[in-house]
Amino acid sequence: MIPNHDFLRHTLDNPAGLSPCQFQLDNGVQVQVWDTGVICFEPKQPAEKDIVLACGVHGNETAPIEICAELIQDILQQRLVPAHRTLVLIANPAAINAGSREVEENLNRLFSGYHSKGAGLINNERKRAQVLEQFVSRFYQQAPAGSRKRYLYDLHTAIRGSRFEKFAVYPFLHDKAWQQNQLEFLRACGVSTVLLMQTAAPTFSYYASNTHGADAFTVELGKVRPFGQNDMRRFADARNSLRALVAGQPVATQAFDEKDFHLYEVYRSIHKQTQDFKLHFADDVENFTTYPVGTLLATDGDTEYRVEKEGEALIFPNAKVAVGQRAMLMVIPRSVQGQLA
Ligand SMILES: [Zn+2]
């Protein structure tokens with residue numbers, strides 16, 4: 001049903017869609033293929049977690065795709081036995097086949113209904129965002145009755161290097177408390193830099209968090225490289241922790257201590273106002289780079305943007321965005337002392 005138990009290959013061979021099918025493994029795990037890149041595992045006696053792992057939202061971010069493909073294959077070959085219901089999403093097969101971040105539009109800006117706004121469902125990324133939302137809803141809603149815990153980890157790698165190789169985006173919780181156990185889990189994945197958002201976003205992780213009450217994160221695991229060129233040792237902590245999570249085995253976490261983390265919040269978002277927008281630092285500057293207060297960061301016509309705060313760091317700079325779009329995010333360190341649940 002899945003040739004060679006290789007669901008990634010099967011997905012990439014059928015980027016436009018796959019007929020749903022289901023079968024049971026000898027160990028009792030129920031396998032359901034819902035669509036291309038969408039596979040659900042349900043143990044006979046599922047424990048309390050409903051776990052969604054997403055990769056390939058950006059098609060050229062290969063390391064997370066390799067981690068998820070291996071996890072799927074190992075479950076299908078019964079080398080890894082899930083203890084929890086697990087939905088794995090290879091999010092954008094067409095972009096993976098194209099070796100590009102996106103085919104027409106950034107998939108991670110289309111969730112929470114943004115796929116249908118403006119011009120509507122005009123391209124495959126918009127349609128895919130809509131069906132991914134439907135699959136996530138179905139997965140959480142089909143869970144057994146009782147007290148459940150929902151998770152979604154959307155795994156990425158970044159275009160540029162980063163002063164902190166791995167980092168996570170914690171979506172805006174609308175004044176709910178951040179989860180200490182989630183920060184501890186992220187650190188076990190090798191992620192100790194966390195950006196705490198204070199506004200809604202059209203991302204997959206915000207969608208899962210806000211719509212479904214999941215503990216959800218966008219996790220940046222390192223720098224983009226082509227398939228086969230990832231040094232998988234650099235991803236070992238994330239790989240092993242995610243597999244342990246799915247298998248219901250202990251994850252090697254350590255008690256939360258803020259000193260072990262770099263925690264940031266958004267200080268300001270700089271939008272491109274004119275075609276003259278220009279960044280005043282090298283193209284290959286790393287995410288989380290800081291400069292002294294007063295340093296000129298960007299100009300936009302007559303407007304100058306300078307570092308305003310001690311420790312202010314830049315992330316995701318991109319002068320090539322369309323006018324009106326975000327060209328850079330400026331973040332500052334913050335504490336979560338006394339604000340964790
Ligand atoms: Zn990405």
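Counting starts at 1 for both ligands and their atoms, following the listed order.
With 3.5 Å as the limit, one finds no donor-acceptor pair spanning the side chains of His115 and Glu125. Using a 3.5 Å distance cut-off with no hydrogens or angles, the side chains of Tyr267 and Glu308 do pair a donor with an acceptor. In this model, a donor atom of one side chain and an acceptor atom of the other lie less than 3.5 Å apart for Glu184 and Gln180. Inspection of the Thr218 and His156 side chains reveals no N or O donor paired with an N or O acceptor under 3.5 Å. Side-chain contact check for Thr62 and Asn230: at least one donor-acceptor pair (N or O, by modelled atom type) lies under 3.5 Å. Judged by distance alone, the side chains of His280 and Thr299 do bring a donor and an acceptor atom under 3.5 Å apart.
Listed by chain and residue number, the protein N/O/S atoms under 2.8 Å of the Zn ion (ligand 1) are His58 ND1, Glu61 OE1, Glu61 OE2, His156 ND1, with waters left out.
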